[in-house]
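Written out below as structure tokens is the structure these notes cover.
We number each residue from 1, following the sequence as shown.
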Amino acid sequence: SRRDAKEWLDINRQHNVSAQGGIHDSGSNRVVHWKKPPESWIKSNVDGDFMSNAVRSKAGWVIHDHYGKYHGGIQAVGKVVKNPFESEMHAILMVIQHAWSRGYQKVCIESDSKKAVDIMNGNILHFDAYYWKSEIQWWKNQFKDLKFHWINREGNKVADKLVKQQIKENVSFKFHF
């Protein structure tokens, strides 16, 4: 657990969090637009990882409340999927299920997969996404409100780091708090 805490401190040193909730990339003057969720909401930034259609997909996500307070980082191993898009959709589904299990009622999910966000918001149709969209939609209906937002990759670095970090082979869910 000390190693986990050191890693989170290292991430925070690499990124300066402003009072408005934006993250300033220390390698440039560019502002990456991560913002706190509205009052009484939680926000979860999520990323999926796909290796091949013979390996279980992975997901990583981080949770913050409307104060910007950290509520945990999660790594999870999912099921075998066919492509990177399905890995993102499966990661979103795992985030929603986890948020429900924690009793959250208003959830904003941010993903760097524009395609997944557009499908979930009904902006585009994609036949291959039918199963994922219907499953996610069922879970979405269990909340008072649940929204999907796209964020660029730079704003999703913590979730990306979580999904790429190794976890033990016999572990399928790891909660960093």
Side-chain angles (χ1 to χ4, degrees), residues 11 23 25 32-38 41-64 71-176:
I11 290 171
I23 298 174
D25 189 333
V32 179
H33 295 286
W34 183 92
K35 294 182 181 173
K36 298 175 197 173
W41 285 68
I42 64 107
K43 180 182 280 190
S44 184
N45 288 76
V46 60
D47 201 11
D49 189 41
F50 174 79
M51 297 296 286
S52 78
N53 60 2
V55 177
R56 292 172 65 186
S57 65
K58 294 186 343 184
W61 63 94
V62 62
I63 302 168
H64 291 90
H71 282 256
I74 295 90
Q75 295 171 272
V77 178
K79 58 184 180 178
V80 175
V81 295
K82 295 186 277 187
N83 54 52
F85 167 71
E86 284 194 2
S87 178
E88 290 289 337
M89 294 295 277
H90 189 41
I92 290 169
L93 177 62
M94 286 190 278
V95 168
I96 293 169
Q97 292 169 334
H98 180 250
W100 179 83
S101 76
R102 305 277 301 174
Y104 299 130
Q105 290 296 308
K106 295 180 179 178
V107 181
C108 175
I109 295 175
E110 285 189 338
S111 168
D112 59 14
S113 171
K114 182 138 177 54
K115 180 179 177 181
V117 170
D118 282 346
I119 287 169
M120 291 315 305
N121 287 329
N123 298 332
I124 60 173
L125 298 174
H126 196 281
F127 183 74
D128 287 344
Y130 179 79
Y131 163 77
W132 294 106
K133 184 172 181 177
S134 63
E135 186 72 13
I136 291 168
Q137 189 63 45
W138 186 91
W139 280 97
K140 180 182 177 184
N141 292 335
Q142 308 310 305
F143 293 83
K144 284 184 182 174
D145 205 349
L146 192 140
K147 297 181 181 193
F148 302 96
H149 293 219
W150 175 81
I151 188 165
N152 60 27
R153 291 189 190 281
E154 290 83 15
N156 215 30
K157 283 186 178 181
V158 176
D160 180 65
K161 183 145 179 81
L162 278 167
V163 77
K164 291 190 176 5
Q165 185 181 34
Q166 291 294 324
I167 58 175
K168 292 180 183 175
E169 195 169 312
N170 61 343
V171 175
S172 61
F173 186 90
K174 186 173 182 181
F175 188 83
H176 304 267

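- Side-chain contact between Val158 and Asn45 is absent, with no heavy-atom pair separated by less than 4.5 Å.
- Of all non-hydrogen atoms in Glu154 and Lys157, the two that sit nearest each other are O-CG, 3.4 Å.
- Around NZ of Lys140, the count of heavy atoms belonging to other residues, nucleotides or ligands within 6.0 Å exceeds 12.
- Closest of all the heavy-atom pairs between Ile42 and Pro37 is C-CG, 4.0 Å.
- Side chain of Asp160 to backbone of Arg153: no donor-acceptor contact under 3.5 angstrom is found.
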Would you check, one step at a time, whether the test side-chain contact (heavy atoms from CB on, under 4.5 Å) holds for Glu86 with Ser57?
CA-CA 9 Å; Glu86 284 194 2; Ser57 65; over 6 Å; no

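- Closest approach of Gly72 to Phe175, counting heavy atoms only: CA-CZ, 4.0 Å.
- The SG atom of Cys108 lies 9.0 Å from the CD1 atom of Ile151; values are rounded to the nearest 0.5 Å.
- The backbone N or O of Glu110 sits nowhere less than 3.5 Å from a side-chain atom of Lys43 that would complete a donor-acceptor pair.
- Minimum heavy-atom separation, Gly73 to Leu162: CA-CD1, 3.9 Å.
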Where do Trp150 and Asn121 land on the side-chain contact (heavy atoms from CB on, under 4.5 Å) test, with the steps shown first?
CA-CA 10 Å; Trp150 175 81; Asn121 287 329; over 6 Å; no

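- Ile136 has its side chain within reach of Met120: a pair of non-hydrogen atoms, C-beta onward, lies under 4.5 Å apart.
- Between the side chain of Asn83 and the main chain of Phe85, a donor-acceptor pair closer than 3.5 Å is present.
- To the nearest 0.5 Å, atoms NZ (Lys114) and CG (Asn123) are separated by 7.0 Å.
- Judged by distance alone, with hydrogens and angles left aside, the side-chain atoms of Glu88 form no donor-acceptor pair with the main-chain N or O of Ala116 at under 3.5 Å.
- At most 12 heavy atoms of other shown residues, nucleotides or ligands fall within 6.0 angstrom of atom OH in Tyr130.
- Taking 4.5 Å as the limit, some side-chain heavy atom of Ile109 sits within range of a side-chain heavy atom of Leu146.
- Here OG of Ser172 is found 7.0 Å from CD1 of Ile167. Values are rounded to the nearest 0.5 Å.
- To the nearest 0.5 angstrom, His149 atom NE2 is 12.0 Å from Ser111 atom OG.
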Distance-only check: which donor-acceptor pairs under 3.5 Å involve side-chain atoms of residues 90-106, not counting sequence neighbours?
from	atom 1	to	atom 2	distance (Å)
His90	NE2	Lys79	N	3.1
His98	ND1	Trp61	NE1	3.4
Ser101	OG	His98	O	2.7

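- The side-chain hydrogen bond (donor to acceptor under 3.5 Å, both in side chains) search around Asp49 returns none, not counting sequence neighbours.
- No option in Lys174, His176, Lys58 other than His176 meets the side-chain hydrogen bond (donor to acceptor under 3.5 Å, both in side chains) test with Gln75.
- Here the OG-CG distance, from Ser87 to Asn53, works out to 12.0 Å after rounding to the nearest 0.5 Å.
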